[in-house]
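Each ligand, and each atom within it, is numbered from 1 in the order the structure gives.
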Amino acid sequence: MEKKKAVYVCSGCGIGDALNIEPLMSIATDDYSVPICRTHATLCSREGAAMIKEDMAKEGVNTIVIAACSPRVMYDVFSFENCIVDRVNLREQVVWCQKPGEEDTQMMAEDYLRMALAKVEAMELPVPFKPEQEISRDILVVGGGLAGMTAAVEASKAGYQAVLVEKEAELGGFQKKVGQIATMPYKGLKENQVVPDLIKAVTSNPKIKVYTGATVEKSEGSPGLFEISIKQNGATAEHRCGAIVMAAGWKPYDPAKLDKKLGFGASPDVITNVMFEEKFFGVNVTRPSDGKPAAKVAFLQCAGSRDPKYLPYCSTVCCTTSLKQAIKIKAHNADAEVYVVYKEMRTPGQAEDLYRKAQELGVLFIRCQSPEVKADGGRLAVEAADELSSEDILLENLDLVVLATGMVPATAFGPDISKELLKAAEDEKKEEALDVPLDIIRRSNILNLTYRQGPEMPALRYDFPDSHFICFPYETRRTGIYAAGCVHRPMGIGSTLEDAAGAVMKAIQCIELTSKGAAVHPRAGDMTYPEFAMQRCTQCKRCTVECPFGAINEDEKANPLPQPTRCRRCGVCMGACPERIISFKNYSVAMIGSMVKAINVPEEDEEKPRIVVLACENDAYPALDMAGIHRMIHNPWVRVIPLRCLGSMNLVWIADSLSKGIDGVLLIGCQHGDDYQCHFIKGSELASIRLSKVSETLNRLALESDRVRFETVSIIDYHKLPALLDEFAERLVEIGPNPFKGW
Ligand code: SF4
Ligand code: SF4
């Protein structure tokens, strides 16, 4: 498209008081020959927006630079159809964080305007991705337990068809084995009607197609276009689905793996909480060894749970389940002696009612971190050091010991094949090791994805198919596939119903955005996607291996096969590609390079080092805005360039910056590691790995690696930023002029 540019400078919100607007505008008109450049006292007002629209209509303006407030605000006002728009953040990141009227403040504003003009020059209008095949609006639900059935029902209520696949012969999942439940506020135990009601709702619903005794043999394709093969009774059924809800459930922690002192296996009368549900469904509690009534029972909480050696997390429902089971014994035999030995009782919300009720019924509670079960012939006892009374307690002649074991997600089973997958990529490309952080990918045979990056969901910790734990609680790391219920995290009935409804709403959102050619979270609505100049591809596999979302398959010659509807538009592949052949219509290696080149670098004797800050747009850039909102003055020598993700950082930007005469490059991204906050999961970690290679090279050449620094922040760290920027600037002054200038 032939670009007709216009620049609009707002003088409101203190911008006009702190800056000299005329020279700023002359940069656009004189240096960049922009034909239309206007200023307005409140550009975000109806009149301001009308002025821009009028230029679009009458003058044919189609490429606009708005120099006003942060792009994180007023985005609805400054969104114009079929128009390239960039925003210069004069308010939060210039006048609110710099001294008004100073030369350095004016220089900063002028640089940002130059950078924006260079940026729009390199930008193109996005053309939404439209697949050739018709997008399906059906939702595949894997798992016919509480979560899966709820997801299918909720999908149908929203007008979508669901295909429900359950591996067992009947619907119901684990909850089918649970005879009684306690509702809150506590009014007694009642028959578990949740599952029968849901089975009825599912099987009588014409919008839900149910396959029981069936498995997903293959999930091919991508959001909107998943081709699903379902195997049932030796036959295969095919469905095209737009999104997937994975509600594959959980399995109890294997009690045989527990510490021997908990007594599992030493006596048939030592059972788990799950075995209790299965054995005593609709019948009274008896001794498994001889069927006599159980009149003296001990429940041992956290059997292996919250213990790094076994199951490091809390399964959230074991305490309430033991209370329910204790009440069941008491309800049948008020004289029964029932003990609960606990580390801490966890009864959130109204489950506290249950705790109180058990106490009223005479259940005794012993706080002990490490009880021991003694099984000697037919005699069963528990020794417990009671922390509250400081006494050693011996519970003798027990009829039954119930171990409260935790939940393990269905994704935790099967061998971890992540190293195998990476090795397969490396073997074929022998000269270079692909240095990437590995996920856990198990061959758990739940979805059987035909993804280059593995057949199942990647997991980070404890095998839950995790995504961003703060911002995207429903998402997994495979676009269009949402986890629900206990495969997602341990949860009880109420939370499962909510979780399943949430997951299916995300699945619907994915289908609707995909059908418009737009990205899902976190860049929801983004119409761009990565484009590959394949004639220059060397089949190095960096893009396929580094994409955090499995969005690029490979053909047999190792050519990348991008799957745009799986793509989250993070740009990690763009940062990874050594040939620099991956770009987006409005985000490219060349575009950022031209922004760097647009920065005005003062002469060395001015002792005003220039610092390029490559800031992740998800946390670091908003943190800089926050510093401005709090009027925290920061270093005037920095020039911030927002990146979609630090993982999209291409090393050439560092080389370009140093050779341009920029004295230092500061990368600010999200925290990585187990408590990662990176919105694209691996981006910031990949950037840090790439950067370590630059630092190694600089050190090897005895050049100052201090010129390039990597820092992680979250939005709430905004107050640390001014000191961080000052400290980096001081270090650059210390190490002196940039020797790379002009390289
Ligand atoms: S932009 Fe991100 S999600 Fe999309 S293909 Fe590249 S690395 Fe994968
Ligand atoms: S990283 Fe670039 S050169 Fe390597 S396979 Fe991907 S597109 Fe080709």
Side-chain angles (χ1 to χ4, degrees), residues 126 128-129 222-223 422 424-426 428-429 431-437 439 449 451-454 458 467-468 472 475-481 510 513-514 517-524 526-592 616-618 643-652 669-670 678-687 689-690:
F129 176 76
S222 54
L422 185 65
E426 286 182 345
E428 293 156 38
K429 189 78 191 171
E431 68 264 29
E432 194 196 354
L434 294 164
D435 189 5
V436 287
D439 304 316
L449 299 162
Y451 279 45
R452 157 68 186 78
Q453 293 167 324
S467 183
H468 194 280
F472 315 119
E475 277 77 6
T476 68
R477 282 185 285 154
R478 293 293 173 256
T479 307
I481 307 178
C510 170
L513 284 168
T514 302
V520 298
H521 61 88
R523 298 183 58 80
D526 182 357
M527 293 290 186
T528 66
Y529 55 91
E531 295 172 61
F532 293 62
M534 282 306 295
Q535 58 282 11
R536 285 194 284 123
C537 175
T538 59
Q539 295 78 35
C540 70
K541 299 189 180 185
R542 287 236 72 107
C543 55
T544 47
V545 171
E546 293 197 20
C547 170
F549 303 103
I552 311 173
N553 280 355
E554 268 163 25
D555 68 12
E556 60 294 345
K557 292 188 179 145
N559 288 305
L561 300 173
Q563 312 282 310
T565 68
R566 287 186 202 164
C567 174
R568 308 258 176 114
R569 284 72 166 174
C570 60
V572 165
C573 52
M574 181 178 109
C577 179
E579 302 301 315
R580 306 199 281 278
I581 61 170
I582 305 174
S583 59
F584 299 76
K585 287 271 189 277
N586 61 7
Y587 190 61
S588 65
V589 175
M591 185 192 93
I592 304 286
C616 160
E617 70 181 11
N618 297 296
L643 302 186
R644 291 181 173 203
C645 169
L646 221 48
S648 66
M649 186 259 315
N650 198 295
L651 290 175
V652 75
C670 303
C678 177
H679 287 60
F680 295 105
I681 322 293
K682 299 274 169 191
S684 113
E685 191 168 6
L686 286 162
I689 293 171
R690 283 179 214 147

Quick one: which ligand 1 atoms are inside 4.0 Å of a heavy atom on R569?
1 (S), 4 (Fe)
Would R644 and R523 satisfy side-chain contact (heavy atoms from CB on, under 4.5 Å), going step by step from the backbone distance to the final call?
CA-CA 9 Å; R644 291 181 173 203; R523 298 183 58 80; 3.4 Å; yes
Starting from atom 8 (Fe) of ligand 1, find the nearest protein heavy-atom neighbour and note its residue, name and distance.
C547 SG, 2.3 Å
Atoms in ligand 2 flagged as close to C537, the criterion being non-hydrogen separation under 4.0 Å
3 (S), 5 (S), 7 (S), 8 (Fe)
Show which atoms of ligand 2 fall inside a sub-4.0 Å distance from at least one heavy-atom site of I581.
2 (Fe), 7 (S)
Distance-only, no hydrogens or angles: does the N559 side chain make a donor-acceptor pair with backbone N or O of E554 under 3.5 Å?
no
Under 3.5 Å, is there a donor-acceptor pair linking the side chains of Y587 and T528?
no
Tell me, please, if C570 has any N/O/S atom, main chain or side chain, under 2.8 Å from atom 6 (Fe) of ligand 1?
no
Atoms of ligand 1, numbered as shown, that sit under 4.0 Å from any heavy atom of F549
3 (S)
Atom 4 (Fe) of ligand 1: which protein heavy atom is closest, and how many Å away?
C567 SG, 2.3 Å
Taking only heavy atoms of K541, which atoms of ligand 2 are found under 4.0 Å from at least one of them?
4 (Fe), 5 (S)
What are the atoms of ligand 2, with element, lying closer than 4.0 Å to any heavy atom of T538?
3 (S), 8 (Fe)
So, the side chain of N553 versus the backbone of R452: is there a donor-acceptor pair under 3.5 Å, distance only?
yes
Is there a donor-acceptor contact under 3.5 Å from the side chain of T514 to the main chain of T565?
no
Closer than 3.5 angstrom, by distance alone: can the side chain of R542 be matched with the main-chain N or O of C573 as a donor-acceptor pair?
no
Tell me which part of I552 gets within contact of ligand 2: side chain, backbone, both or neither, using heavy atoms under 4.0 Å.
neither
Got an N, O or S from C577 under 2.8 Å of atom 2 (Fe) of ligand 2?
yes
Decide yes or no on side-chain contact (heavy atoms from CB on, under 4.5 Å) for F532 and I552, but give the supporting numbers first.
CA-CA 11 Å; F532 293 62; I552 311 173; 3.8 Å; yes
Provide, to 0.1 Å, the distance between atom 3 (S) of ligand 1 and the closest protein heavy atom, together with that atom's residue and name.
R568 N, 3.3 Å
Looking at ligand 1, does F584 have a heavy atom less than 4.0 Å from it?
yes
For the pair R690 (side chain) and G647 (backbone), establish whether a donor and an acceptor sit closer than 3.5 Å, ignoring hydrogens and angles.
yes
Please could you name the atoms of ligand 2 that E579 approaches to less than 4.0 Å, counting only its heavy atoms?
3 (S)
the protein heavy atom lying closest to atom 1 (S) of ligand 1 turns out to be G571 N, 3.2 Å
For C540, the ligand 2 atoms with a heavy-atom partner under 4.0 Å come out as 1 (S), 3 (S), 4 (Fe), 5 (S)
Of the side chain and backbone of E546, name the one, both, or neither that has a heavy atom under 4.0 Å from an atom of ligand 1.
neither
Which class fits the ring pair H521 and F472: parallel under 30°, tilted 30 to 60°, perpendicular over 60°?
tilted
Polar side-chain atom of T479 near backbone of R566 as donor-acceptor pair, under 3.5 Å:
yes
Nearest protein heavy-atom contact for atom 7 (S) of ligand 1: which residue, which atom, what distance?
C573 N, 3.2 Å
Within the distance-only criterion (no hydrogens, no angle test), does the side chain of S583 pair as donor or acceptor with the backbone N or O of S588 below 3.5 angstrom?
no
C547 vs V572, side-chain contact (heavy atoms from CB on, under 4.5 Å): CA-CA, chis, key distance, verdict:
CA-CA 6 Å; C547 170; V572 165; 5.8 Å; no
Numbered in order shown, the ligand 2 atoms found under 4.0 Å of a heavy atom of C543 are 1 (S), 5 (S), 6 (Fe), 7 (S)
